[in-house]
Amino acid sequence: MLIVMNRDATKEQVDTVIRTVELQGYTAHPIPGGERTSIGVLYNQGAVDDALFRTLPGVKETIAVTKPYKLVSREFHPADTVIRVGDVVIGGEQLVIIGGPCAVESEEQVMTIAKHVKMAGGDILRGGAFKPRTSPYAFHGLGEEGLKILAKAKAAFGLPIVTEVMDLDCFDMVENYADIIQIGTRNMQNFSLLRRAGHAGKPILLKRGMSATVDEWLMAAEYIVTEGNPHVILCERGVRTFVRHSRNTLDLSAVPVVRRESHLPIIVDPSHAAGYRDQVMPLARAAAAVSAHGLMIEVHHAPESARCDGGQSLLPDQFEILCRQMRAIFDVSTSTKS
Ligand code: PEP
Ligand code: MN
């Protein structure tokens with residue numbers, strides 16, 4: 001439940017409401033707003049009796065929260081969350097484009113690709129130093145050496161970096177280097193990792209689990225936000241279905257649903273959804289058309305020799321064209337948004 005205070009409610013009135021919530025054994029989460037304060041009620045088992053609160057001085061109304069997630073819901077927090085990373089604004093009026101290789105392979109590889117991403121107008125550089133792979137025999141990333149390479153590319157091209165954290169063991173290290181910490185599809189319900197992410201001082205890019213519903217995904221985000229980190233970026237990356245023509249099925253309908261239900265920014269990764277290069281550009285354009293706040297796209301200058309996901313990586317020329325197309329489409333879609 002959300003308890004909305006009058007515009008002119010005093011601090012004492014707010015404190016009384018908080019105390020009353022706590023006396024019931026619940027947790028009060030004050031949400032200061034531009035115009036008025038609201039107080040979220042958390043950790044209630046079952047419905048909260050709103051009669052207890054409606055009559056308290058300074059209370060305007062109580063709103064039943066119908067969703068299992070609270071802090072990430074629009075009901076709790078109507079305004080969009082906007083996240084700033086250096087000069088890049090995620091969740092604002094501009095489309096944010098993240099590009100880069102699947103995995104950091106070498107300094108030369110990352111520098112070459114980072115230069116292309118920069119020249120194409122990309123905003124953020126991606127690249128995995130710790131790679132979750134289906135096969136234990138596959139390339140698992142360069143570890144800290146890979147993070148150092150990303151840091152060099154950041155210094156050279158001024159692009160913030162997003163990179164994946166795979167487990168608690170490497171969390172501190174990844175947090176040290178990354179501007180945005182990625183939690184991958186396989187870890188979306190790794191609850192200890194989510195809780196640790198809630199204590200990180202960096203934004204978290206939370207990918208949708210490959211079989212997760214939107215509610216489960218938002219509950220995973222809720223874990224991070226309840227622990228104290230409000231800076232979560234959601235990333236739709238395709239879900240597992242029966243089809244064989246693509247690696248996953250990109251669920252673009254999740255974008256308007258998330259935009260309606262949550263205030264968190266949502267971006268789309270068409271690369272891991274598609275799995276094949278020829279599908280990435282049309283899906284990316286479609287993601288811009290449904291007003292995703294950003295795109296994350298794999299790019300490689302020599303995909304035939306990539307150690308990971310070469311078959312879905314765009315060539316630099318394709319990425320450059322796509323950046324222009326996506327920005328134009330996003331502008332049209334957001335200007336006509338109903
Ligand atoms: C990635 O972005 O590098 C990745 C492994 O993606 P996902 O977790 O969506 O498979
Ligand atoms: Mn990849």
Side-chain angles (χ1 to χ4, degrees), residues 96-105 109-110 113 117 122 124-136 138-143 146-147 149-150 160-167 170 174 177-190 193-194 197 203-212 214 216-217 220-221 232-241 246-252 254-255 266-277 279-280 283-284 287 292 294-315 319:
V96 172
I97 301 176
I98 305 171
C102 179
V104 175
E105 299 167 15
Q109 173 241 17
V110 171
I113 297 170
V117 169
I124 297 174
L125 180 66
R126 64 150 286 145
F130 293 92
K131 295 300 307 173
R133 302 300 300 278
T134 304
S135 165
F139 175 58
H140 286 84
L142 297 180
L147 296 173
I149 293 171
L150 288 170
I161 52 182
V162 55
T163 193
E164 178 163 355
V165 66
M166 259 179 45
D167 50 41
C170 65
V174 172
Y177 289 91
D179 295 294
I180 301 173
I181 301 165
Q182 178 172 323
I183 293 185
T185 192
R186 294 160 189 81
N187 267 322
M188 190 207 82
Q189 285 189 320
N190 180 338
L193 199 65
L194 297 175
I204 306 296
L205 192 156
L206 178 65
K207 288 197 150 193
R208 178 178 180 184
M210 61 183 86
S211 304
V214 168
E216 287 163 343
W217 185 20
V232 179
I233 303 154
L234 299 162
C235 179
E236 160 63 35
R237 48 79 69 203
V239 290
R240 189 63 72 91
T241 67
S246 59
R247 185 169 164 182
N248 292 283
T249 298
L250 185 62
D251 179 13
L252 283 179
V255 176
I266 173 162
I267 71 165
V268 170
D269 170 354
S271 304
H272 290 90
Y276 298 97
R277 183 173 308 123
Q279 296 175 22
V280 172
L283 290 178
L295 271 295
M296 180 154 87
I297 292 167
E298 287 185 339
V299 183
H300 205 294
H301 61 295
E304 62 294 342
S305 57
R307 298 191 73 179
C308 188
D309 285 350
Q312 67 192 30
S313 298
L314 290 190
L315 292 157
F319 181 67

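Both counts, for ligands and for their atoms, begin at 1 and track the order of listing.
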If the cut-off is 4.0 Å to any non-hydrogen atom of [X], which atoms of ligand 1 fall inside it?
{"X": "Gly184", "result": "8 (O)"}
{"X": "Lys207", "result": "1 (C), 2 (O), 4 (C), 6 (O), 7 (P), 8 (O), 9 (O)"}
{"X": "Arg237", "result": "7 (P), 9 (O), 10 (O)"}
{"X": "Arg186", "result": "8 (O), 10 (O)"}

Subject >> Non-hydrogen atom of Arg126 closer than 4.0 Å to ligand 1 >> reply: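 It does; at least one heavy atom falls under 4.0 Å.
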Original post:
So is Arg208 close enough to ligand 1, meaning a heavy atom under 4.0 angstrom away?
Top reply: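 It does not; every heavy atom stays at 4.0 Å or beyond.
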Original post:
With a 4.5 Å limit on heavy-atom distance, are the side chains of Ile180 and Ile124 in contact?
Top reply: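 Contact flag for Ile180/Ile124 side chains = yes.
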Subject >> Heavy-atom side-chain proximity of Met296 to Arg237 below 4.5 angstrom >> reply: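 No, side chains not in contact.
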Original post:
Got a second to check how far Glu298's CD is from His272's NE2, nearest 0.5 Å?
Top reply: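 Atom-to-atom, Glu298:CD and His272:NE2 are 3.5 Å apart.
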Subject >> Gap separating the OG atom of Ser271 from the NE2 atom of His300, nearest 0.5 angstrom >> reply: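 Result: 13.0 Å between the selected atoms.
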Subject >> Metal site the Mn ion (ligand 2): N/O/S of Cys308 inside 2.8 Å >> reply: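 It does not; every qualifying atom lies at 2.8 Å or beyond.
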Original post:
Quick one: does Gln312's side chain have a donor or acceptor within less than 3.5 Å of a partner on Ala274's backbone?
Top reply: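 Such a contact is absent between Gln312 side chain and Ala274 backbone.
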**OP:** Examine distances only and state if a side-chain atom of Thr185 and a backbone atom of Met210 form a donor-acceptor pair shorter than 3.5 Å.
**Re:**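 Yes; at least one donor-acceptor contact below 3.5 Å.
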**OP:** Report the member of Thr185, Leu205, Thr163, Thr134 with the shortest heavy-atom distance to atom 8 (O) of ligand 1.
**Re:**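 Going through Thr185, Leu205, Thr163, Thr134 one by one, Thr185 has the nearest heavy atom to atom 8 (O) of ligand 1.
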Subject >> Atom name in Glu298, limited to N/O/S, at shortest distance from the Mn ion (ligand 2) >> reply: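 Atom name returned: OE2.
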**OP:** Determine which of the N, O or S atoms in Asp309 is closest to the Mn ion (ligand 2) and give its atom name.
**Re:**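 Closest N, O or S atom of Asp309 to the Mn ion (ligand 2): OD2.
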**OP:** Examine the proximity of ligand 1 to Glu164 and report which part, side chain or backbone, both or neither, has a heavy atom under 4.0 Å away.
**Re:**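 It is the side chain that gets close, since no backbone atom is under 4.0 Å.
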Subject >> Leu295 versus Pro270, closest heavy-atom pair with distance >> reply: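 Looking at all heavy atoms of both residues, the shortest contact is CD1-CD, 3.8 Å.
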Original post:
Polar-atom distance check: Asp269 versus ligand 1, any N or O pair below 3.5 Å?
Top reply: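 It does not: no N or O of Asp269 is found under 3.5 Å from an N or O of ligand 1.
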**OP:** Considering only NZ, NE, NH1 and NH2 on the basic side and carboxylate oxygens on the acidic side, decide whether Glu164 and Arg126 come within less than 4.0 Å.
**Re:**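 Not counted as a salt bridge, because no side-chain N and carboxylate O are separated by less than 4.0 Å.
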**OP:** For the pair Arg247 and Asp309, find out whether any cationic side-chain nitrogen is under 4.0 Å from an anionic carboxylate oxygen.
**Re:**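 Result for this pair is yes, salt bridge flagged.
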Subject >> For atom 4 (C) of ligand 1, closest protein heavy-atom neighbour >> reply: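 Looking at atom 4 (C) of ligand 1, the protein heavy atom closest to it is His272 NE2, 3.5 Å.
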**OP:** State, to the nearest 10 degrees, the angle whose vertex is the Mn ion (ligand 2) and whose arms point to SG of Cys102 and NE2 of His272.
**Re:**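 SG of Cys102, the Mn ion (ligand 2) and NE2 of His272 span an angle of about 160°.
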